[in-house]
Amino acid sequence: MRAIRPGRRDGMKSRCATGNGVRRATATMLLAGVLAGAFVLTAQAQQLRTVTEGVYSAEQAARGDEVYQAQCVTCHGDPAEGSVGPPLAGDRFLPYWSARPLLDLVDKIHNTMPLQAQAPLSRQESIDLAAYILQAGGFPAGDAELTGAALAGIALPAVPTASIAGGDVPVAPAANLAQVMRAIAFPASNIVFNVQIKDPGADAPPPTGSRSFDYVEWGATVYPGWEAIDLAALAVAESAPLFLAPGRRCENGRPVPVDRADWREYTEAVVEAGRAAYRASQSRDVDAVIEVTDQLNDACANCHKVYRDVGAEGRGVGSDRCRQEP
Ligand code: HEC
Ligand code: HEC
């Protein structure tokens, strides 16, 4: 029972990328799970505001600026660059405070700054300083002042971090979403889909140098046969969380809707499908992998139906992709 991949109007090989795969009972059940999950996550999200929502006033930041110039600037400099002390804005500051409540930041200032100070800061000064730091970091002012009572309910933005050489360094998106899909999801999935028409166990590596710029052929001489399927399945599973990276934009400039619960669920379904494909590939059983290609196809297509193949279709600026209200 080998499935045949349908053609693709814009030239894509992948069944997954077509989004016109047959809907099955399992896909419907998956969708039901998605909706249930969406409810829970939305309820949680309402409790925490983030600093992007105008949580302090401009007057308050000006007060904080005055204190900053008098008591902090010698050690922290222009807040984004730091000096004796670390920077208090930007890429070398935000990852450390990722998703933490403003209360932590104000406590840090109030309890430990200025370093070795004779006279401690008042609570109000510490809060005003936090407002100034937010302003320096480019977070917008709003109408109301930041109050002590609100601090625990407001979070700094979540920043993805990867541990490199024992430290946390920010991983800022380098690609737009379409590029991530084309660069990683598309080739990796297609290698798995290829098992529908080609038995990796019977695959003879192409003669070296036959088409040296075709990375699939060249790579197949290095990691041939089933190992290529193993690695592609792992690439699908490991790379899908990149769809959730904060700060990534779609090709049309819209922010990727990473905060939406259904977006997260669709992404998790790809991680699951990638793991399942790996397990199937490890069985070295062609039919087992073909079975999983349906799961993988649905995982990609379910999201595409809602967020990609919508409204004003097509690529780039002016398209309706990634719109927030499906
Ligand atoms: C004498 C130098 C000095 C002065 C003055 C000073 N700081 Fe610091 N600050 C430091 C050093 C050093 C660190 C890093 C060690 C630590 O976290 O305690 C730091 C850390 C911080 C941090 C944590 C940053 C991070 O990412 O870890 C904040 C926030 C901060 N300072 C705010 C302030 C504010 C606001 C003032 C002015 C009221 C101030 N500091 C005055 C030296 C100073
Ligand atoms: C969570 C939602 C989501 C999932 C899951 C998802 N995609 Fe996408 N995909 C999108 C969106 C949205 C776009 C449009 C991106 C843009 O325009 O920047 C896209 C674009 C693409 C493109 C680019 C099409 C073009 O314009 O050239 C390809 C290829 C693609 N996806 C393949 C895949 C594959 C393969 C999978 C599964 C392994 C997958 N996608 C999973 C949402 C998703």
Side-chain angles (χ1 to χ4, degrees), residues 8 10-19 64 67-77 79 82-89 92-97 100 104-117 120-121 125-126 128-130 132-133 136 175-190 192-193 232-233 235-237 239-240 243-244 248-254 256-258 260 262-271 273-274 277 296-310 313-317 319-323 326:
R8 170 73 179 151
D10 58 1
M12 302 217 168
K13 283 210 296 189
S14 155
R15 289 184 65 207
C16 192
T18 69
V67 184
Y68 187 86
Q69 299 308 328
Q71 303 201 43
C72 321
V73 76
T74 45
C75 290
H76 289 284
S83 109
V84 181
L88 302 179
R92 289 187 294 138
F93 173 74
L94 288 174
Y96 182 75
W97 298 91
R100 288 166 69 184
D104 289 7
L105 179 63
V106 170
D107 280 347
K108 166 76 185 169
I109 295 169
H110 188 203
N111 298 338
T112 73
M113 294 291 142
L115 211 61
Q116 292 148 3
L121 296 163
E125 284 173 323
S126 304
D128 293 350
L129 280 161
Y132 168 71
I133 288 170
N176 66 38
L177 182 68
Q179 290 171 322
V180 170
M181 296 279 169
R182 293 170 196 150
I184 309 175
F186 180 70
S189 307
N190 277 314
V192 176
F193 289 132
V236 169
S239 64
F243 305 166
L244 298 171
R248 193 184 305 286
R249 300 199 158 258
C250 299
E251 207 176 30
N252 57 15
R254 279 171 214 251
V256 175
V258 292
R260 289 185 59 104
D262 61 342
W263 182 270
R264 178 170 289 274
E265 298 275 344
Y266 289 137
T267 300
E268 283 167 1
V270 174
V271 173
L296 180 56
N297 177 51
D298 288 345
C300 308
N302 286 340
C303 186
H304 287 167
K305 252 173 261 160
V306 178
Y307 286 107
R308 192 189 74 173
D309 307 329
V310 288
E313 272 197 54
R315 297 164 53 164
V317 181
S319 82
D320 215 11
R321 287 176 165 185
C322 303
R323 65 179 179 152

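Reckoned from all heavy atoms, side chains included, excluding hydrogens, waters and symmetry mates. Computed from a predicted structure; not experimentally measured. Both counts, for ligands and for their atoms, begin at 1 and track the order of listing.
Under 4.0 angstrom from ligand 2, the non-hydrogen atoms of A178 come from both its backbone and its side chain. When non-hydrogen atoms are compared, ligand 2 lies under 4.0 Å from the side chain of R321 (C-beta onward) but not from its backbone. When heavy-atom distances to ligand 1 are checked against a 4.0 Å cut-off, W97 comes that close only through its side chain, counted from C-beta outward.
Applying the disulfide (SG to SG under 2.5 Å) test to C250 and every residue at least two apart in sequence or in another chain returns C322. Scanning for ring pair (Phe, Tyr, Trp, His ring centres under 6.0 Å) contacts around Y68 gives Y132, with sequence neighbours left out. Residues satisfying the side-chain hydrogen bond (donor to acceptor under 3.5 Å, both in side chains) criterion with R100, sequence neighbours excluded, are D104.
To the nearest 0.5 Å, the span separating CZ on F193 from CG on N297 amounts to 5.0 Å. The distance from atom CG of L121 to atom CG of D128, rounded to the nearest 0.5 Å, is 10.5 Å. How far CZ of R254 is from CG of L177: 13.0 Å, rounded to the nearest 0.5 Å. Taking OG1 of T267 as the start and CH2 of W263 as the end, the distance is 6.0 Å to the nearest 0.5 Å. One finds the NZ atom of K108 at 13.5 Å from the CG atom of L129 (value rounded to the nearest 0.5 Å). Remark: C303 SG to D298 CG distance equals 13.0 Å, nearest 0.5 Å.
An N or O contact shorter than 3.5 Å is missing between Y266 and ligand 2 by distance. Polar contact with ligand 2: absent for S189 (N/O pair, distance under 3.5 Å).
Close contacts between ligand 2 and W263 involve ligand atoms 1 (C), 2 (C), 12 (C), 42 (C) [criterion: under 4.0 Å to a heavy atom]. Atoms of ligand 2 lying under 4.0 Å from any heavy atom of E251, numbered from 1 in the order shown and given with element: 16 (C), 17 (O), 18 (O). Against a heavy-atom cut-off of under 4.0 Å, F93 is close to the following atoms of ligand 1: 26 (O). In the vicinity of F186, heavy-atom distances shorter than 4.0 Å reach the ligand 2 atoms 29 (C). Residue contact check: T267 has heavy atoms under 4.0 Å from atoms 1 (C) of ligand 2. Of all the atoms in ligand 1, the ones that sit under 4.0 Å from a non-hydrogen atom of L121 are 38 (C). Within the listing of ligand 1, atoms 35 (C), 38 (C) sit less than 4.0 angstrom from a heavy atom of L129. For ligand 1, the atoms sitting less than 4.0 Å from at least one non-hydrogen atom of L105 are 29 (C), numbered in the order shown with element in parentheses. Listed by number with element, the atoms of ligand 2 under 4.0 Å from a non-hydrogen atom of V270 are 5 (C), 38 (C). Per-residue contacts place C322 under 4.0 angstrom from the following atoms of ligand 2 (heavy atoms of the residue considered): 12 (C). The distance from ligand 2 to the heavy atoms of A185 drops below 4.0 Å at these ligand atoms: 34 (C), 35 (C). Under a 4.0 Å criterion applied to the non-hydrogen atoms of Q71, ligand 1 contributes the atoms 5 (C), 37 (C), 41 (C).
No side-chain donor-acceptor contact under 3.5 Å links D309 to the backbone of K305. The closest donor-acceptor contact from the side chain of N176 to the backbone of Q179 lies under 3.5 Å. Counting only distance, with no hydrogens or angles, the side chain of R308 and the backbone of R321 share no donor-acceptor pair below 3.5 Å.
Under the 4.5 Å side-chain criterion, counting only non-hydrogen atoms from C-beta, L296 is in contact with S189. Within the 4.5 Å cutoff, the side chain of D262 has no heavy atoms near those of the R264 side chain.
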So V256 and F243, side chain to side chain contact (heavy atoms under 4.5 Å, CB included) or not? Walk me through it. CA-CA 8 Å; V256 175; F243 305 166; 5.9 Å; no

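Ranking protein heavy atoms by distance to atom 23 (C) of ligand 1, first place goes to K108 CE, 3.5 Å.
Atom 8 (Fe) of ligand 2 has no N, O or S atom of C303 closer than 2.8 Å.
Taking both residues in full, the closest heavy atoms of A233 and V192 are given as N-CG2, 4.0 Å, listed atom of the first, atom of the second, then distance.
By the definition of a contact as any protein heavy atom under 4.0 Å away, atom 15 (C) of ligand 1 is not in contact.
Listing protein N, O or S atoms at distances below 2.8 Å from atom 8 (Fe) of ligand 1, with waters left out, gives H76 NE2, M113 SD.
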